[in-house]
Amino acid sequence: MCTPYFIPSDQLTTALMLAVSSGVRVDLMLPAQSDSFFVQHASFSFIKPLLERGVNVYLYTKGFLHAKTICIDGKLAYIGTTNLDIRSFYINFEISGIVSDKALCERMNNQFLADIESSDLITIRKWMQRSRWKRGVDSICRLLAPLL
């Protein structure tokens with residue numbers, strides 16, 4: 001999954017954790033540097049439980065990641081304008097498509113692998129080593145999540 005803004009609903013968080021618990025590999029790529037201070041830090045506040053459960057989180061470092069894509073089992077491709085945030089799910093008028101095309105999925109997977117080369121894999125240990133100040137800012141910005 002790639003998204004520039006990650007403020008998931010409880011249902012999405014639960015679905016990701018259940019998928020990992022049942023043996024599915026879940027990769028999430030976010031921009032290391034967002035175009036919105038508040039959204040980035042609110043997004044970061046949702047990462048720790050996913051890391052603890054086994055979701056692979058990558059922070060893309062080669063500029064601003066603006067892709068909104070998901071590839072499922074190399075069979076289904078999700079592409080669109082919908083961010084993985086509450087606002088996109090419930091408020092904004094977004095459009096996305098789900099395409100069943102193995103060739104498209106293969107190209108998307110290849111692009112994801114290329115983007116991993118320009119990303120940092122975040123481990124729970126690395127995540128917890130961030131300063132208290134950064135973790136505090138994440139928590140404060142999370143309070144704004146319903147508005148972002």
In Å and rounded to the nearest 0.5 Å, what is the CD to CD1 distance from Gln129 to Ile124? 10.5 Å
Tell me, do Val26 and Arg53 make a side-chain contact under 4.5 Å, heavy atoms counted? no
Would one find more than 12 heavy atoms of other residues, nucleotides or ligands at under 6.0 Å from atom CD of Glu106? no
Separation of Lys48 NZ from Trp127 CH2 (nearest 0.5 Å): 11.5 Å
Please report the shortest heavy-atom distance between Pro8 and Thr13, naming the atom on each side. CG-OG1, 3.4 Å
Share the residues that join Met108 in a hydrophobic cluster, the rule being Ile, Leu, Val, Met, Phe, Trp or Tyr side chains under 4.5 Å apart at the heavy-atom level. Ile79, Val99, Leu104
Could you state whether Phe46 and Leu28 fall into the same hydrophobic cluster, counting links through intermediate Ile, Leu, Val, Met, Phe, Trp or Tyr residues with side-chain heavy atoms under 4.5 angstrom apart? yes
When clusters are formed by joining ILVMFWY residues with side-chain heavy atoms under 4.5 Å apart, either directly or through shared neighbours, do Ile70 and Val57 land in the same one? yes
Would Met128 and Tyr58 show up in the same hydrophobic cluster when neighbours are defined by side-chain heavy atoms closer than 4.5 Å? no
Once you round to the nearest 0.5 Å, how far does CD1 of Ile7 lie from OG of Ser43? 4.5 Å
According to a hydrophobic-cluster definition based on side-chain heavy atoms being under 4.5 Å apart (Ile, Leu, Val, Met, Phe, Trp, Tyr only), do Val55 and Leu12 belong together? yes
Could you check whether the rings of Phe44 and His41 sit parallel, tilted or perpendicular, using 30° and 60° as the cut-offs? perpendicular
Spacing of Leu30 atom CG and Tyr60 atom OH [to the nearest 0.5 Å]: 13.5 Å
Sorted by first residue and then second, give each salt bridge (charged side-chain N to carboxylate O under 4.0 Å, His left out) pair with at least one member in residues 114-139; sequence neighbours left out. Arg130-Asp138
Between Met1 and Leu16, is the side chain to side chain contact (heavy atoms under 4.5 Å, CB included) condition met? List the steps. CA-CA 11 Å; Met1 299 185 302; Leu16 295 174; 3.5 Å; yes
Out of curiosity, Asp73 CG to Arg25 CZ, how far, rounded to the nearest 0.5 Å? 13.0 Å
Check: Ala32 main-chain N/O paired with Gln40 side-chain donor or acceptor under 3.5 Å: yes
ILVMFWY cluster, Val24 and Met29 together (side-chain gap under 4.5 Å): no
Closest non-hydrogen contact found for Lys75 with Cys105 is C-SG, 3.4 Å
Quick one: pull up CZ in Arg107 and CG in Asn110 and give me the separation to the nearest 0.5 Å. 9.5 Å
For Phe6 and Leu50, what are the C-alpha separation, side-chain angles and deciding distance, and is it a side chain to side chain contact (heavy atoms under 4.5 Å, CB included)? CA-CA 12 Å; Phe6 183 71; Leu50 298 175; 3.6 Å; yes
Identify the heavy atoms of Phe64 and Pro4 that sit nearest to each other, and give their distance. CZ-CB, 3.6 Å
Leu65 and Thr3 have their tightest heavy-atom pair at CD2-O, 4.1 Å
Is Thr61 reaching over with its side chain to a backbone N or O of Ser118, donor-acceptor style, under 3.5 angstrom? yes
Nearest heavy atoms of Ile122 and Leu51, plus distance in Å: O-CD2, 3.3 Å
Hey, are the side chains of Tyr78 and Ile72 touching, using non-hydrogen atoms and a 4.5 Å cut-off? no
